[in-house]
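Reviewing the structure listed below.
Atoms considered below: every heavy atom in the structure, side chains included; atoms not considered: hydrogens, waters and symmetry mates. Note that this is a predicted model, so its numbers are computed, not measured.
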Amino acid sequence: MAKVLCVLYDDPVGGYPPVYARDSVPAIGGYHDGQTTPSPEQIDFTPGELLGSVSGELGLRGFLEERGHRLLVTSDKEGLDSEFERELPDADVVISQPFWPAYLTAERIAKAPRLKLAVTAGIGSDHVDLDAAIAHGMTVAEVTYSNSISVSEHVVMMILALVRNYIPSHQWVLDGGWNIADCVARSYDLEGMQVGTVAAGRIGSAVLRRLKAFDVGLHYTDRHRLTEEVEQELGLTYHATTEELVRVCDVVTINAPLHPETEHLFDDELIAKMKRGAYLVNTARGKICDRDAIVRALETGQLAGYAGDVWFPQPAPPDHPWRTMPHHGMTPHVSGSSLSAQARYAAGTREILECWFAERPIREEYLIVAGGGLAGAGAHSYSARETSRNADEGDQAEPG
Ligand code: NDP
């Protein structure tokens with residue numbers, strides 16, 4: 001029997017939904033690179049339900065209890081008195097989502113001798129100290145690609161919301177106004193603008209694909225160039241450096257991982273090289289931008305707008321300046337947790353657990369750490385020495 005400790009975000013303030021806005025979500029069979037969507041033997045939930053909150057339990061309870069395992073679900077994860085901390089010492093498996101991560105620091109891993117598997121229901125395992133996980137003989141797995149398209153749609157939404165001045169215009173409606181001039185005085189068409197992505201991996205390239213239809217100039221920079229065929233298909237201009245890219249773009253979207261090279265990349269100096277009135281959208285990691293430099297640039301008009309769903313720290317405190325800076329379109333960390341995405345990563349979590357308990361191999365593309373080292377997707381995306389430093393969430397993820 002295994003003890004499975006699952007850390008999920010709280011239910012809605014009004015309670016777990018008895019009914020949903022829609023009756024179904026479309027079934028997606030595969031992703032752009034040919035990878036197939038999760039394929040567990042069975043699921044015990046209806047796709048489209050809220051699965052990522054405590055009462056949703058990622059749809060795992062029936063599956064685990066039928067096999068004699070124990071499932072504990074909590075949202076209480078911070079500090080020594082938290083339920084997560086109290087339940088961790090005899091847990092065999094820990095599951096959490098990047099939106100509400102269960103930080104597995106070296107200290108916590110050391111306190112959990114039985115812990116052998118950490119699953120990220122979603123993408124991004126930088127809340128796990130991968131060095132410590134390797135030393136502890138753990139497997140770390142995530143549901144690669146499960147919400148990449150969800151994030152890319154959020155990016156496109158945010159670009160349009162900023163450029164068209166959607167959020168302030170909506171606010172005039174809520175306030176009972178009909179102030180057309182106030183709404184349109186900052187509203188532009190995206191058509192004809194130059195839009196660039198810092199990194200063109202799964203999310204960045206999905207953003208480029210989606211924006212092609214808007215008749216914009218598309219730009220990217222990445223450590224590796226895309227193939228000539230893809231560049232031609234999408235009409236992309238490649239830039240060797242971020243600096244070169246931002247000089248020519250009206251809109252910049254950040255889709256690179258956080259590592260020493262990208263930490264505080266968007267500081268006063270780089271922002272000063274952007275076109276005056278450029279828009280910046282960051283759904284990658286909060287720390288890629290210098291918090292106060294963003295506020296200054298919005299106040300002076302160097303940036304016309306900033307949006308994203310990643311902050312530092314997370315959850316953002318009530319007085320975080322990004323909540324009140326002008327011309328922003330921030331959301332909490334939600335882009336990858338739409339009901340559609342939840343259905344995929346809950347199914348992927350179940351697939352990983354089915355394999356784990358049956359001692360079958362987990363899909364290579366889901367592996368981050370296995371067999372005493374980085375593996376699968378982890379071997380490509382992570383550097384064990386850097387990862388715990390890179391976590392973009394609360395204080396516990398920071399190095400001592
Ligand atoms: P991928 O691994 O598919 O792509 C990342 C790309 O960034 C790779 O091509 C990588 O190159 C490139 N890269 C790395 N460093 C740099 C750099 N300094 N400059 C330019 N390019 C660089 O990742 P995804 O597209 O799936 O995700 C991107 C990021 O988005 C994640 O790292 C994560 O931080 C964030 N994310 C946010 C989510 C959210 O809910 N908001 C959800 C999921 C992800 P190379 O191949 O050489 O390493």
Assess whether salt bridge (charged side-chain N to carboxylate O under 4.0 Å, His left out) is satisfied between Glu65 and Arg70, documenting all intermediate values.
-> CA-CA 6 Å; Glu65 291 186 345; Arg70 196 151 75 91; over 6 Å; no
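- In terms of modelled atom types and a separation under 3.5 Å, the side chain of Tyr366 and the main chain of Thr349 share no donor-acceptor contact.
- Between Trp311 and His333, the ring center distance fails the sub-6.0 Å criterion.
- In this structure a side-chain-to-backbone donor-acceptor pair under 3.5 Å is present from Asp309 to Ser335.
- Here the side chain of Thr262 pairs no donor or acceptor atom with the backbone of Leu265 at under 3.5 angstrom.
- Follow the hydrophobic side-chain contacts under 4.5 Å out from Tyr279 and you never reach Leu303; the two are in separate clusters.
- A donor-acceptor pair under 3.5 Å links the side-chain atoms of Trp100 to the main chain of Ser75, judged by distance alone.
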Passes ring pair (Phe, Tyr, Trp, His ring centres under 6.0 Å), Tyr220 versus Tyr238? Steps please.
-> CA-CA 5 Å; Tyr220 80 102; Tyr238 170 75; 5.2 Å; yes
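- In the hydrophobic cluster analysis, where Ile, Leu, Val, Met, Phe, Trp and Tyr join through side-chain heavy atoms closer than 4.5 angstrom, Val7 is grouped together with Leu115.
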Let me have the donor-acceptor pairs involving side chains of residues 162-169, under 3.5 Å, with sequence neighbours excluded, atom names and distances please.
residue	atom	partner	partner atom	Å
Arg164	NH1	Asp189	OD1	2.7
Asn165	ND2	Cys183	O	2.9
Ser169	OG	Asn165	O	2.7

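- A salt bridge does not link Glu83 to Lys77: none of the charged side-chain nitrogens sits closer than 4.0 Å to a carboxylate oxygen.
- Listed by chain and residue number, Asp250 satisfy the side chain to side chain contact (heavy atoms under 4.5 Å, CB included) test with Lys275 (two or more places apart in sequence, or in another chain).
- Donor-acceptor pairing under 3.5 Å is lacking for the side chains of Glu142 and Thr120.
- Side-chain contact between Arg350 and Glu41 is absent, with no heavy-atom pair separated by less than 4.5 Å.
- Counting heavy atoms from C-beta outward, Ile362 and Thr139 have side chains that approach closer than 4.5 Å.
- Pairs passing the ring pair (Phe, Tyr, Trp, His ring centres under 6.0 Å) check and including a residue from residues 192-211, sequence neighbours excluded, do not occur.
- Ring pair Phe99/Tyr9 is perpendicular by interplanar angle, where above 60° counts as perpendicular and below 30° as parallel.
- A salt bridge links Arg285 and Asp126; the closest N-O separation between the charged side-chain nitrogens and carboxylate oxygens is under 4.0 Å.
- Using a distance-only test at 3.5 Å, with no hydrogens or angles considered, a donor-acceptor pair links the side chain of Gln342 to the main chain of Ser337.
- Remark: of the listed residues Phe357, Trp356, Phe63, Phe357 is the sole one forming a ring pair (Phe, Tyr, Trp, His ring centres under 6.0 Å) with His69.
- Residues Glu351 and Ser39 form a side-chain contact, since some pair of their non-hydrogen atoms from C-beta on lies under 4.5 Å apart.
- Side-chain N or O atoms of Thr241 include one that pairs as donor or acceptor with a backbone N or O of Glu244 at under 3.5 Å.
- When atom types are taken as modelled, the side chain of His328 and the backbone of Arg323 share a donor-acceptor pair closer than 3.5 angstrom.
- Salt bridge present: Glu87 and Lys3 bring a charged side-chain N and a carboxylate O closer than 4.0 Å.
- Atoms SG and CD1, on Cys289 and Ile294 in that order, are 4.0 Å from each other to the nearest 0.5 Å.
- Looking at Val216 and Leu190, their side chains come closer than 4.5 Å, going by heavy atoms from C-beta outward.
- When side chains are defined from C-beta on, His320 counts as touching Arg291, because their heavy atoms get closer than 4.5 Å.
- Counting only distance, with no hydrogens or angles, the side chain of Arg344 and the backbone of Ser146 share a donor-acceptor pair below 3.5 Å.
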